[in-house]
Amino acid sequence: MTSNVVVAIDGPSGSGKSSTSRGVASRLGLRYLDTGAMFRAMTWFMLRDGVDVLDAQAVAARVNAPLIESGTNPDHPTISVDGRDVATAIRERGVTNAVSPVSAVPEVRARLLELQRSVIGEGGIVVEGRDIGSVVWPQAAVKVYLTADADARATRRAAEEGGSDVTATQASLLARDEIDSGRATAPLTMAEGAHHIDTTPYTLDEVISQVVALVAEATAAERA
Ligand SMILES: Nc1ncnc2c1ncn2[C@@H]1O[C@H](COP(=O)(O)OP(=O)(O)OP(=O)(O)O)[C@@H](O)[C@H]1O
Ligand SMILES: Nc1ccn([C@H]2C[C@H](O)[C@@H](COP(=O)(O)O)O2)c(=O)n1
């Protein structure tokens, strides 16, 4: 009975959205959509095209040019731009530093919103980002807002990157949070009806189990 469910997972940078969402989708046999990867793919395209990413008009003028495609298998998610696999390229520092200003351009959000909704379609999917429960799919059966202390987020991310400097990593995460929370269109916010999970004291497996339990509860309530 979870087949058409939509699970919306939002939260600040590095709070555990991707790992939790993939784990939940895998356990429940659902699809998975990483909307951050779509914004990163758009940013990668702009940088490759030589667009000044701080010039909102220049970004808006090119917004319809790239074909962005997301594969939704949680065990092997993919992302491509004009048929080219950009899964690794979109995680590079240049994209990470430019993605928040590009994401604040209303035309970028409008184009990707349409794409995100078309992928969600009939449901059966875990979708993660910043505005999924508030804007993209406010009718989601389960909405989760993940957070973690800035120290925990930076330590986890630095370890994932193979020992990056924790202080610099934390500064980068917090800078993105500030732009993502402060933008005029679809800012990062906890959606109405969302369950807040502070992941700081929990292992990834424990957080996945908590979300799986919320999905079971919501789908049981729907059946009753
Ligand atoms: N509950 C947890 N306990 C310990 N480590 C965790 C937990 N959740 C996630 N992690 C680890 O923290 C790191 C960041 O997690 P993840 O990439 O899922 O965050 P995110 O919110 O999707 O980040 P971003 O917004 O930058 O895409 C990863 O290395 C992940 O394995
Ligand atoms: N729904 C979303 C998802 C992502 N973004 C922007 C803001 C993030 O800083 C950036 C990269 O996302 P991440 O890979 O860190 O999840 O994309 C957004 O504005 N809305």
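Both counts, for ligands and for their atoms, begin at 1 and track the order of listing. Since the model is a prediction, treat every value here as computed from it, not as a measurement.
Within the 4.0 Å heavy-atom cutoff, Q116 does not count among the residues contacting ligand 2. Residue contacts with ligand 2 leave out M38, since none of its heavy atoms falls under 4.0 Å from the ligand.
At a 4.0 Å heavy-atom cut-off, ligand 1 touches L204 through backbone and side chain alike. For T203, every heavy-atom contact with ligand 1 shorter than 4.0 Å involves the backbone, none the side chain. In R176, the part holding a heavy atom less than 4.0 Å from any atom of ligand 1 is the side chain. Contact annotation for E161 and ligand 1: no heavy atom of the residue comes within less than 4.0 Å of the ligand.
At under 3.5 Å, not a single nitrogen or oxygen of S13, backbone or side chain, sits near a nitrogen or oxygen of ligand 2. Here's the thing with T35: one of its N/O atoms is less than 3.5 angstrom from an N/O atom of ligand 2. At under 3.5 Å, not a single nitrogen or oxygen of E128, backbone or side chain, sits near a nitrogen or oxygen of ligand 2. The distance criterion of under 3.5 Å between nitrogen or oxygen atoms is not met by K17 with respect to ligand 2.
Of the residues Q210, R156, R153, the one that meets the side chain to side chain donor-acceptor pair (under 3.5 Å) test with T199 is R156.
Rounding to the nearest 0.5 Å gives a distance of 7.5 Å between CG of L146 and NZ of K17.
Inspection of the D180 and S100 side chains reveals an N or O donor paired with an N or O acceptor under 3.5 Å. Remark: the D75 side chain and the S26 side chain contain an N/O donor-acceptor pair separated by less than 3.5 Å.
Close approach of ligand 1 to G14 is summarised as follows: ligand atoms under 4.0 Å from at least one heavy atom of the residue are 19 (O), 20 (P), 21 (O), 23 (O), 24 (P), 25 (O), 26 (O). For ligand 2, the atoms sitting less than 4.0 Å from at least one non-hydrogen atom of R91 are 14 (O), numbered in the order shown with element in parentheses.
Among R176, R183, R109, the residue whose heavy atom lies closest to atom 11 (C) of ligand 2 is R176.
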Can you check side-chain contact (heavy atoms from CB on, under 4.5 Å) on I125 and V7, steps first, answer last? CA-CA 6 Å; I125 192 164; V7 182; over 6 Å; no

